[in-house]
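The structure under discussion appears below in the form of structure tokens.
Letters go in sequence order (proteins before strands), and every chain restarts at 1. Model, not experiment: these values are computed from the prediction.
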Number of protein chains: 2
Amino acid sequence: MMKLMDTQPWLDDDQQELWQALLTVVIALPAALDRQLQREAGISNFEYGVLARLSMADEATMRLSDLARVCDSTLPRLSKVMDRFEARDWVVRRPDPGDGRYTLATLTGAGRQKLAESAPEHVAQVKRLVFDPLSAAQRRHLGTALTRIAATVRRELEGG
Amino acid sequence: MMKLMDTQPWLDDDQQELWQALLTVVIALPAALDRQLQREAGISNFEYGVLARLSMADEATMRLSDLARVCDSTLPRLSKVMDRFEARDWVVRRPDPGDGRYTLATLTGAGRQKLAESAPEHVAQVKRLVFDPLSAAQRRHLGTALTRIAATVRRELEGG
DNA sequence: TATTTTCACTTGCCGAGGCAAGTGAAAGGT
DNA sequence: ACCTTTCACTTGCCTCGGCAAGTGAAAATA
């Protein structure tokens with residue numbers, strides 16, 4: 001153990017503080033968002049993201065594999081979310097006419113409405129928890145840093 | 001509710017970008033850490049955090065409720081983690097002599113060893129994913145912003 | 001002192017997600 | 001044309017975590 005600490009030193013104090021704050025954010029922020037969305041809309045933060053992404057797509061339609069990628073999801077996970085959404089008539093699935101291996105998911109009117117209903121409070125919560133505590137400059141800096149980290153993590157998950 | 005939408009509508013473009021990056025980080029970063037730790041040590045990122053926190057405590061001993069708070073965990077969740085840890089002889093639980101309602105958890109030698117084994121690669125991964133992509137100034141700014149957000153989110157979860 | 005309330009934790013039940021194996025469609029090889 | 005391989009997804013099995021109800025210990029009230 002001592003030997004390992006020599007070659008691969010631990011985080012220094014500043015790094016420790018940053019790391020602890022990041023851990024709290026990645027653990028507690030999703031928990032807070034989930035609780036509010038679950039209570040007020042009966043969906044998870046992740047499910048909200050799926051609805052939002054689909055609604056932004058052309059024709060509100062995407063291939064599942066593309067949707068999974070932009071939502072940072074595995075395919076099995078998204079598949080099961082789609083099962084739930086289809087059961088509630090929020091989306092419809094059909095094979096891609098051009099290539100039968102792909103599946104196209106389309107947001108229905110009911111799905112769009114569900115999103116519209118849950119959006120205002122969710123957005124307000126995001127603003128309250130993430131944006132309100134920061135100055136404009138801090139937001140800029142945070143955006144820059146997070147974008148870099150996000151890109152690195154994405155590569156990690158795709159390559160690993 | 002309507003009032004919120006009037007005064008604070010959707011996120012603007014810069015906010016959208018920040019928000020998307022933050023979503024990727026809170027979703028994909030834990031996933032990446034979990035995968036590596038699971039593969040190489042058979043534990044989750046959360047479990048690693050519990051071991052690490054305990055090891056830092058005086059006598060490697062903490063009340064479960066205190067441990068839960070610093071790990072941003074619920075008590076049921078931590079209780080089940082402790083079941084697993086006790087089954088592997090990584091911790092022992094005993095009632096607090098001073099107040100029988102509290103339970104003290106102590107890290108055993110085996111538990112400390114498990115932590116020491118998994119630490120180097122985990123720390124290296126954290127450095128690679130979080131610190132390496134950033135300049136020194138960016139790290140400082142990120143730390144400042146995340147600390148503020150973390151404090152806000154903590155208050156949210158305790159108060160809600 | 002007896003009863004009630006408040007803790008700190010545990011347990012049971014259920015839904016969600018990961019992984020590995022299965023299915024069906026297209027592409028590649030012979 | 002056939003067989004194999006490679007996709008894109010789906011399904012099954014299992015574990016983890018959330019919530020609500022249960023337990024046992026201390027405090028508060030009477």
Side-chain angles (χ1 to χ4, degrees), chain A residues 26-28 30-50 61-88 91-105 157-158 160, chain B residues 26-28 30-50 61-88 91-105 157-158 160:
Chain A
V26 302
I27 291 175
L33 296 174
D34 274 335
R35 283 210 350 193
Q36 191 237 355
L37 274 171
Q38 203 67 50
R39 183 161 32 85
E40 320 216 336
I43 60 177
S44 69
N45 178 38
F46 177 76
E47 289 171 325
Y48 178 93
V50 173
T61 298
M62 289 181 80
R63 291 176 170 178
L64 291 192
S65 41
D66 291 337
L67 186 55
R69 189 161 24 73
V70 298
C71 292
D72 301 297
S73 170
T74 60
L75 220 27
R77 182 181 189 183
L78 183 61
S79 182
K80 286 163 186 174
V81 168
M82 284 307 173
D83 289 345
R84 288 171 245 154
F85 283 2
E86 247 184 346
R88 300 190 185 196
V91 303
V92 289
R93 269 185 289 199
R94 66 179 189 285
D96 186 329
D99 185 334
R101 287 172 299 182
Y102 292 96
T103 299
L104 298 178
L157 277 184
E158 286 164 10
Chain B
V26 302
I27 291 175
L33 298 173
D34 275 335
R35 283 210 351 193
Q36 191 238 354
L37 274 171
Q38 202 68 50
R39 183 162 32 85
E40 320 212 336
I43 59 176
S44 69
N45 176 40
F46 177 75
E47 288 170 324
Y48 177 93
V50 173
T61 298
M62 289 182 80
R63 292 177 169 177
L64 291 193
S65 41
D66 291 337
L67 187 54
R69 191 161 19 75
V70 298
C71 292
D72 300 298
S73 170
T74 60
L75 219 27
R77 182 181 188 181
L78 183 61
S79 181
K80 286 163 186 173
V81 169
M82 284 307 172
D83 290 344
R84 288 172 243 154
F85 283 1
E86 247 185 346
R88 300 190 185 194
V91 303
V92 288
R93 271 184 289 199
R94 65 178 189 286
D96 186 329
D99 184 336
R101 288 173 298 182
Y102 291 96
T103 299
L104 297 178
L157 277 185
E158 287 165 8

For [X] and [N], what is the distance between atoms [atom1] and [atom2] respectively, to the nearest whole Å?
{"X": "A:Asp34", "N": "D:dC19", "atom1": "CG", "atom2": "P", "result": "9 Å"}
{"X": "B:Ile43", "N": "D:dG17", "atom1": "CD1", "atom2": "C1'", "result": "17 Å"}
{"X": "B:Arg39", "N": "C:dC19", "atom1": "CZ", "atom2": "P", "result": "10 Å"}
{"X": "B:Leu37", "N": "C:dC19", "atom1": "CG", "atom2": "P", "result": "13 Å"}
{"X": "A:Arg35", "N": "D:dG17", "atom1": "CZ", "atom2": "P", "result": "17 Å"}
{"X": "A:Arg77", "N": "D:dC16", "atom1": "CZ", "atom2": "C1'", "result": "13 Å"}
{"X": "A:Phe46", "N": "C:dA16", "atom1": "CZ", "atom2": "P", "result": "12 Å"}
{"X": "A:Gln38", "N": "C:dA16", "atom1": "CD", "atom2": "C1'", "result": "10 Å"}

Next on the checklist: Quick check on C:dA16: is either OP1 or OP2 less than 4.0 Å from any side-chain nitrogen or oxygen of A:Arg84?
Outcome noted: yes
Checklist entry - Which heavy atom in A:Gly49 sits nearest to a heavy atom in A:Cys71, and how many Å separate them? => result O-SG, 4.3 Å
Checklist entry - Among all residues two or more places apart in sequence or in another chain, which pass the salt bridge (Lys or Arg N to Asp or Glu O under 4.0 Å) test with A:Asp72? => result A:Arg154
Checklist entry - If you pin B:Ser73 and B:Gly98 to their nearest nucleotides in DNA chain D, which one's is more 5'? => result B:Ser73
Does some side-chain heavy atom of [Y] sit less than 4.5 Å from a side-chain heavy atom of [X]?
{"X": "A:Asp96", "Y": "A:Arg101", "value": "no"}
{"X": "B:Tyr102", "Y": "B:Pro95", "value": "no"}
{"X": "A:Glu47", "Y": "A:Val50", "value": "no"}

Next on the checklist: So if I define the base as every atom that isn't primed, P, OP1 or OP2, how would nucleotides 6-14 of chain D read as a B/S/- string at a heavy-atom cutoff under 4.0 Å?
Outcome noted: -BSBBBB--
Checklist entry - Between atom CD of B:Gln38 and atom CG of B:Asn45, what is the distance when rounded to the nearest 0.5 Å? => result 10.5 Å
Checklist entry - Does the cation-pi check pass for A:Arg93 over A:Phe85, that is, NZ or CZ under 6.0 Å from the six-membered ring centre and within 45° of its axis? => result no
Next on the checklist: Need one value for B:Ser44: base, sugar-phosphate or nothing, where a base atom within 4.0 Å counts as base even if backbone is also close, heavy atoms only.
Outcome noted: nothing
